[in-house]
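In this text, all values refer to a predicted model and were calculated from it rather than measured experimentally. In what follows, chains carry the letters A, B, and so on, assigned in the order in which the sequence lines appear, proteins first and then strands, with residues in each chain numbered from 1.
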Amino acid sequence: MKALTIAWKDTITRLRDWRAIVGFIVAPLAISAVIGLAFGGTFRAETAIQDIKLVIVNLDSGELGQVYSTVLTSDDLVDLFLITEMDDYEAALELVETGETRGVVYIPEDFSDELFANVSATDGSYNPVSVEVTTDPASSISPFIITSVVDQISVSINTLLLSGQVGVEQVLAYAAQLGPELAELANIVPGVIEQAATDPGANQLGLDVVQVGEAQQDISPFSYFAPSMAIFFLMFSMTDGARSILQEETRGTLPRLITTPTPFAEIILGKIGGTFLTGIIQFIVLVLASSLLFGLNWGPSPLALALLVLATVSASTGLGALISSITPTEAQAGIVGSSVTMVFAALGGNFALASALPDYLQIPSRLTINRWSLDGFVKLANDGRGLEGVLPEIGVLFVMAVVFFVLSVVLFQRRFVR
Amino acid sequence: MTEAILQAQGLHKKFDEVYAVKGVSFDIKAGEIFSLLGPNGAGKTTTISMLSCLLTPTEGDAKVDGFSVTGEANQVKQAIGVVPQEIALYPTISAKENLQFWGRMYGLRGKHLQERVDATLDIAGLADRADGKVETFSGGMKRRINIAVGLLHNPKILFMDEPTVGIDPQSRRRILDTVQELNKLGLAVLNTTHYMEEAQELSDRIGIIDNGELIATGTLDELIKMVGEYDTVRLCLDVDGQKIEDVIEPLKSLPEVKQVSPGEDCVMIQVPDSENILGDMVGRVTQAGAHIRSLEIQEPNLEAVFLHLTGRALRD
Ligand SMILES: Nc1ncnc2c1ncn2[C@@H]1O[C@H](COP(=O)(O)OP(=O)(O)OP(=O)(O)O)[C@@H](O)[C@H]1O
Ligand SMILES: [Mg+2]
């Protein structure tokens, strides 16, 4: 009860401080917006997307490979894509490299043969068949469109073959109808595209679209950097919040609290609780603001989002408390807190993709709250996963929270009760 | 005789091998104002911290309102109001919000809390500034709110650690008056100070503390009797440090002089009847080549008591 009073006092005090509001809410929003814009972010999705330069390298000796060029060059998609057909895959890739084209769709020589072999295979053992899509790592929206369209064509081929309509004629006729449907794609905000429609899991024939090159290319910058900055600034406010325990010590209010009939554990609980409450409010405001201002979709499951936010804030609060419990002075806690925040942010992928870090940093990266949390948010916001998809992240973060919290309460108790 | 509200028995506190308080024992009766008088570092705050259950005594115990500070901290904490030496308030929230917060920490709720907040704001004389942030207050106003917090839950005894340090005379006056008024209503007070005037004016009884030890306890009259019939002559010189040593021996060699205690550029001389030997003293000092800047004869007071007991001046 008294813990709540303390927590509420801290929260109110902090929320009244306009500098804190700027630091904890305005700054992360502004920075993620700037980064999003710099990358040609998703908020331009509403303006018409057209004339995406695309090279098709169709080396298929059979007929099925043709479906891709038939669909991609159909009247319905003529505004969307500027198609060039080439035979030299290497040369085509070169064009992506130099930025002369947005992407390459490569259909290998044995494409049809392999697929037909799979259809007639009776033991259900399929050889994986792939269409390779290479996209320009520097752009954000066109790779998404290209992959989605190619995916859609592949799914259709799959479905037709599976339903027994194995004649090439039929496939081509069907493919011709795909055009209008796919043309719609360009008008839809990419994040809203039904995941199920392009789910590679449906490719029961083993036909898969393999994206080559930049594996993370399909992450939209804003859905990466909004949670990223939210986590980064959350860590700042959490170490800062826990530091207020030491501030109360220097200010004399902590000793005074101890002279009131309030158990020490309740005082610490209140202090940590206040930081936690601030963090929750901060994160909720960031989620709401980024969805309202920038139309960012935080994923299909509000429950998963809520739990992930809760887990992230709990773990960061615990870490902040632990740092404060082991640093001798408020000033030192500030320095250690900011350093840990910066290192964790760098390792955890808050400034650049964590998966792009060298191998020897992958393990340290996995030890940070930031990495687990960010992975979770990307799964929700970018990949459209639900609660099940982020359970491991939520679990790890809660375990971190408990460990940090218990350690810090023990250390604080030892330190202040003499 | 009235019941003791506080009994300290052989309190010791050791910090890293050094004793800050070594064997302090005293009683405070219900409704009494007791002052601990002592110089910087004497152990006043350490003593009051042990009595407020903030520090655990290394040795000894104390009972407040019949409860032990080592074993029954929670009951003790209900009985005491604590006013720390430093302002212990939240600067960015208002005076009223501070009082409400601290009131809740003492378990006050609802209407009763509001009443106590209003009452203590009145006592502090800051009802009209209730909504002002504490950080916008003057030092004296902060001190008054600092005291008001200690009064919220109607404690039986109020601990005040140097409540008047560093504030303007009016605020100081106000605080001392308030304490006396509350005392008339039955509140016992433990006050610490290094201002002898304050101890002298405010207290029913005084304990003199030095180097962690309580060297004398009693009423003002009882304490002054300890110095006997001695007057204190305060003689300040117009010289550098070197020569102050030069005048000590000549002064000591006067037969009536009981004690000579050197300070920075003044000496304190204790003599039975100052008027008769003033001439001799001036003669000796002048002979030693020193120039007298000022000379003051003090009636026996706490300063003299402290000097008598420790050989040192209470203030430098
Ligand atoms: N936490 C501590 N650790 C180590 N030494 C301490 C601690 N607190 C106090 N001391 C030492 O104990 C002695 C008594 O200190 P205390 O604060 O009780 O004195 P005080 O009478 O209140 O002085 P002041 O008038 O300066 O407030 C001092 O020498 C001080 O340095
Ligand atoms: Mg003190």
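- Here the straight-line distance linking atom OG1 of A:Thr5 with atom CZ of B:Arg109 works out to 5.5 Å at 0.5 Å rounding.
- In this structure B:Tyr106 satisfies the ring-ring contact (aromatic ring centres under 6.0 Å, His included) test together with B:His153, sequence neighbours excluded.
- Ranked by heavy-atom pairs under 4.5 Å with chain A, the first of B:Phe159, B:Trp102, B:Phe101 is B:Trp102.
- For B:Lys22, the NZ atom sits in a packed shell: over 12 heavy atoms of surrounding residues, nucleotides or ligands are nearer than 6.0 Å.
- Ranked by non-hydrogen atom pairs under 4.5 Å with chain A, the options B:Pro84, B:Cys53, B:Ser49, B:Ala73 are led by B:Pro84.
- Of the atoms belonging to B:Ile87, it is backbone heavy atoms, and not side-chain ones, that fall under 4.5 Å from chain A.
- Against chain A, the residues from residues 76-83 of chain B that qualify, each with a non-hydrogen atom under 4.5 angstrom away, are B:Lys77, B:Gln78, B:Val82, B:Val83 in number order.
- Closest non-hydrogen pair, B:Met105 versus A:Ile6, comes out as CE-CG1, 3.7 Å.
- Looking at B:Asn146, both its backbone and its side chain come within 4.5 Å of chain A, counting heavy atoms on both sides.
- Within residues 254-271 of chain A, the residues that have a heavy atom under 4.5 Å from a heavy atom of chain B are A:Pro255, A:Arg256, A:Leu257, A:Ile258, A:Thr259, A:Thr260, A:Pro261, A:Thr262, listed by number.
- Contact record, B:Ala88 with A:Gly252: CB-O, 3.3 Å, taken as the closest heavy-atom pair.
- Interatomic distance, CD of A:Glu248 versus OH of B:Tyr90, reported as 3.5 Å (0.5 Å rounding).
- Looking at B:Glu97, only its side chain comes within 4.5 Å of chain A, counting heavy atoms on both sides.
- By the side chain to side chain donor-acceptor pair (under 3.5 Å) test, B:Arg174 is found to be paired with no residue, residues two or more places apart in sequence or in another chain being considered.
- Both the backbone and the side chain of A:Lys2 come within less than 4.5 Å of a heavy atom of chain B.
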